[in-house]
Asks: 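Before anything else, here's the structure in question.
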Protein chains: 2
Amino acid sequence: MLKLSKKSEYALMAVKYIALQQDKTCVTAREIAKNYNLPYELVSKVLQQLTRYNVVLSIQGAKGGYRLGKGTSDISLIDIISAVEPRHQITNCMMEGSSVKDCDHYDCCMIRDPLIKIQNKIDNLLKNITVTEII
Amino acid sequence: MLKLSKKSEYALMAVKYIALQQDKTCVTAREIAKNYNLPYELVSKVLQQLTRYNVVLSIQGAKGGYRLGKGTSDISLIDIISAVEPRHQITNCMMEGSSVKDCDHYDCCMIRDPLIKIQNKIDNLLKNITVTEII
DNA sequence: TCAAATAAGACTTTATTAGTCGGGTATAAA
DNA sequence: TTTATACCCGACTAATAAAGTCTTATTTGA
């Protein structure tokens, strides 16, 4: 269905929000959730995943929160989406080390090559849009 | 997750299969299902949807089956995918006539415009690949 | 020490996708 | 005119994935 998950949407919103508040030392998950009326737990979870991939960095404890891990022009949309959606591939068979076990038609599949090309094009598309462009 | 549905995969496989058998007057759903070991009912359903959108045309009755509705260079991947997956948009809010009811953050959404641009780029990508290119 | 914040994972609910089934219609050929 | 083969269509079920909730632990500034 080529549909973006809520996680990805929330991640994009969160990163954009943080990017727009760069004057502050950091921004809390609660603030983002409140501002956009999103479930706090999910926003929180998404930010934790973004932290693991260094898209944002976290400051723990009271007065803690999140700030960007790099400059806005160094964060591409693929960084954000793949952080929260590690298996964002359009089909199972194009994941790292995929094989017959991921697909009943691995051997006879006639559409894998074209799909891999499409996957690469979509990835490039998302790679070429940075946070700078969306703020 | 930007993942393609099985329906779309089967549709692509079916169309490619038919395109490769153009010497035959038509190809049955059963033949396609057997050849790729796909569930017949699903292949059948997918072909019916492709028929509605004139991607293929159906010949009813005994000795019936399917053949392409247009030339291979006139069928793009977006034709095939949108036939079986009418709501293939990356988010709900970019469907024809979408409004506040489709999204809790329609009014305050800060990422809609960039996402619409991405949607358009993906659509163009799929529009520019025809069946000719994948056979 | 306390309050506010992140971290992490288990769990539940809901939505979507995938697959199945049954009955209907069309048509070539015996 | 009967039969076999094939498309047509919608309802249903099962499986999977996404979305959301809850609980507990850890960090740290005041």
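The model shown is predicted, which means the values in this text are computed figures rather than measured ones. Residue numbering restarts at 1 for every chain, and letters A, B, ... go by the order of the sequence lines.
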Asks: Does any N or O in the side chain of A:Asn35 come within less than 3.5 Å of the main-chain N or O of A:Ile32, such that one atom is a donor and the other an acceptor?
Replies: no
Asks: Considering just the side-chain nitrogens and oxygens of A:Thr51, establish if one lies under 4.0 Å of OP1 or OP2 belonging to C:dT6.
Replies: no
Asks: Does D:dC8 have its OP1 or OP2 closer than 4.0 Å to a side-chain nitrogen or oxygen of B:Gln60?
Replies: yes
Asks: How many Å lie between CG on A:Leu38 and P on D:dA19, as a whole number?
Replies: 12 Å
Asks: Would you give the length of the straight line joining atom NZ of A:Lys7 to atom CG of A:Leu50, rounded to the nearest 0.5 angstrom?
Replies: 10.5 Å
Asks: Mapping B:Lys63 and A:Lys63 onto DNA chain D by nearest heavy atom, which one lands closer to the 5' end?
Replies: B:Lys63
Asks: Pairs in or reaching into residues 11-33 of chain A: which pass ring-ring contact (aromatic ring centres under 6.0 Å, His included), with residues at least two apart or in two chains?
Replies: A:Tyr17-A:Tyr36
Asks: Scan nucleotides 10-14 of chain D against the protein and return all N/O pairs shorter than 3.5 Å with their distances rounded to 0.1 Å.
Replies:
| unit_1 | atom_1 | unit_2 | atom_2 | d |
| --- | --- | --- | --- | --- |
| D:dA11 | N6 | B:Lys45 | NZ | 3.3 |

Asks: Check this one for me: any side-chain N or O of B:Thr28 less than 4.0 Å away from OP1 or OP2 of D:dC7?
Replies: no
Asks: Does A:Tyr10 place a side-chain N or O at less than 4.0 Å from the phosphate oxygens OP1/OP2 of D:dA18?
Replies: no
Asks: Grab the CG-C1' distance between B:Leu50 and D:dC8 for me, whole Å please.
Replies: 14 Å
Asks: Could you state the interatomic distance from CD (A:Glu9) to CZ (B:Arg112), rounded to the nearest 0.5 Å?
Replies: 10.5 Å
Asks: To the nearest angstrom, how far is A:Glu41 atom CD from D:dT24 atom P?
Replies: 15 Å
Asks: Closest-nucleotide mapping onto DNA chain C: is B:Gly61 or A:Ile59 further toward the 5' terminus? I mean the 5' end.
Replies: A:Ile59
Asks: Nearest whole angstrom, please: distance from the P of D:dA15 to the CG of B:Leu42.
Replies: 15 Å
Asks: Closer than 4.0 Å, any side-chain N/O of B:Tyr40 to the OP1 or OP2 of C:dC21?
Replies: no
Asks: Expressed in angstrom and rounded to an integer, what is the separation of A:Gln48 atom CD from D:dA25 atom P?
Replies: 16 Å
Asks: Strictly by modelled atom types, are A:Thr130 and A:Glu133 linked by a side-chain donor-acceptor pair under 3.5 Å?
Replies: yes
Asks: Hydrophobic cluster membership, with links at side-chain heavy-atom distances under 4.5 Å among I/L/V/M/F/W/Y: are A:Met110 and B:Leu12 in one?
Replies: yes
